[in-house]
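Just so you know, residue 1 is the first one in the sequence shown, and it goes up from there. In this text, all values refer to a predicted model and were calculated from it rather than measured experimentally.
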Amino acid sequence: MRITNNLILNTILSNLNNNFVKQLELQEQLSTGKKINKPSDDPVGLTEALNYRSILASTDQFMRNIDRANSNLGIADQLLNELGNLIIRAKEIAVAQSTGTTDSAARASAAIEVQSLFEQAIQIGNTKIGNTYIFGGFQTDTVPFSSGGIYFGDSGIKQVEVN
């Protein structure tokens, strides 16, 4: 096979052109800080990058879900502790009134205090976080307890997706 000067020159020019194109691609990667600037740069790598981006977005959403759930659980725990304290106080009043040594004025005063404790318990049960009632199950936009203590919520269990 005969190698001409023209063939050698074309090969050199083709190699120089390829090197120049590769240099431009590398400069673009350096200037943007991205390995893939257009889909044709690396179709397989682009697919993987989009998959990782999707995973990161869902992980961020899971973290927001966890933070919101922890906040809601903290508030619910605090409210249930307050409710427990109200029940303890009501029990103390009931024990004190069961001795039979109290007069009618003391019993009337105790009844007023127990009514106040009952109203506080209703207020705790009707606590909202944002625009939702936390003790109403899935009925988050309806007041869970009436002033008489009737429950209007449901038995739905709220679940949060965290993974």
Side-chain angles (χ1 to χ4, degrees), residues 1-91 115-163:
M1 176 168 155
R2 184 171 173 228
I3 301 176
T4 63
N5 286 340
N6 200 16
L7 180 63
I8 294 172
L9 184 60
N10 283 339
T11 303
I12 292 172
L13 285 175
S14 175
N15 287 340
L16 283 173
N17 190 36
N18 289 341
N19 287 342
F20 182 69
V21 168
K22 185 66 176 173
Q23 181 183 10
L24 285 176
E25 289 173 0
L26 291 172
Q27 284 178 340
E28 183 179 13
Q29 288 177 2
L30 285 172
S31 67
T32 61
K34 298 178 182 178
K35 182 179 178 184
I36 303 171
N37 290 299
K38 53 188 181 282
S40 62
D41 288 345
D42 184 3
V44 174
L46 177 67
T47 302
E48 290 176 1
L50 291 174
N51 187 33
Y52 290 139
R53 185 178 291 171
S54 173
I55 290 170
L56 285 174
S58 64
T59 301
D60 288 343
Q61 181 61 50
F62 292 146
M63 293 303 295
R64 286 190 299 273
N65 291 352
I66 289 169
D67 290 342
R68 186 175 58 245
N70 279 336
S71 174
N72 290 353
L73 285 174
I75 292 170
D77 186 46
Q78 178 184 358
L79 292 169
L80 290 173
N81 283 333
E82 289 178 27
L83 185 60
N85 292 337
L86 293 177
I87 292 171
I88 290 170
R89 179 64 187 140
K91 181 180 176 184
Q115 180 62 34
S116 172
L117 293 174
F118 179 76
E119 290 169 1
Q120 289 176 29
I122 297 296
Q123 286 177 345
I124 288 172
N126 289 336
T127 300
K128 290 173 87 173
I129 296 177
N131 293 330
T132 61
Y133 292 97
I134 60 174
F135 294 119
F138 292 136
Q139 304 295 326
T140 59
D141 57 348
T142 305
V143 176
F145 294 94
S146 70
S147 60
I150 299 171
Y151 183 64
F152 293 114
D154 61 27
S155 60
I157 299 171
K158 296 179 187 176
Q159 297 181 351
V160 177
E161 188 173 353
V162 295
N163 193 356

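Taking the side-chain contact (heavy atoms from CB on, under 4.5 Å) definition, one finds that Glu25 meets it with Val21, Lys22, sequence neighbours left out. Residues satisfying the side-chain hydrogen bond (donor to acceptor under 3.5 Å, both in side chains) criterion with Glu119, sequence neighbours excluded, are Gln115. Ile87 meets the side-chain contact (heavy atoms from CB on, under 4.5 Å) test with Leu83; sequence neighbours excluded. Partners of Lys34 according to the side-chain contact (heavy atoms from CB on, under 4.5 Å) rule, which considers only residues two or more places apart in sequence or in another chain, are Thr32, Asn37. Applying the side-chain contact (heavy atoms from CB on, under 4.5 Å) rule to Thr11 yields the partners Leu7, Asn15; only residues at least two apart in sequence or on another chain are considered. With sequence neighbours left out, Arg64 forms a side-chain hydrogen bond (donor to acceptor under 3.5 Å, both in side chains) with Gln61. For Arg68, the side-chain hydrogen bond (donor to acceptor under 3.5 Å, both in side chains) criterion is met by Asn65, not counting sequence neighbours.
Results of the side-chain contact (heavy atoms from CB on, under 4.5 Å) test with Ser14 over Asn18, Leu16, Asn10 single out Asn18 as the only residue that passes.
Residue pairs satisfying the ring pair (Phe, Tyr, Trp, His ring centres under 6.0 Å) criterion with at least one member in residues 16-75, sequence neighbours excluded, are absent. The list of ring pair (Phe, Tyr, Trp, His ring centres under 6.0 Å) pairs with a residue in residues 119-143, not counting sequence neighbours, is empty. Here ring pair (Phe, Tyr, Trp, His ring centres under 6.0 Å) pairs that include residues 140-163, with residues two or more places apart or in two chains, are Phe145-Tyr151.
Taking 4.5 Å as the limit, some side-chain heavy atom of Ile124 sits within range of a side-chain heavy atom of Leu86. Between Asn51 and Thr47, every side-chain heavy-atom pair lies at or beyond the 4.5 Å cut-off.
A pairwise comparison of heavy atoms in Ala69 and Val160 identifies CB-CG2, 4.0 Å as the closest pair. Here the closest heavy-atom approach between residue Asn126 and residue Pro144 is recorded as OD1-CD, 3.2 Å.
The backbone N or O of Gln27 lies less than 3.5 Å from a partner atom in the side chain of Ser31, making a donor-acceptor pair.
Of the inter-residue distances, the one linking Asp77 atom CG with Asn72 atom CG reads 12.5 Å to the nearest 0.5 angstrom.
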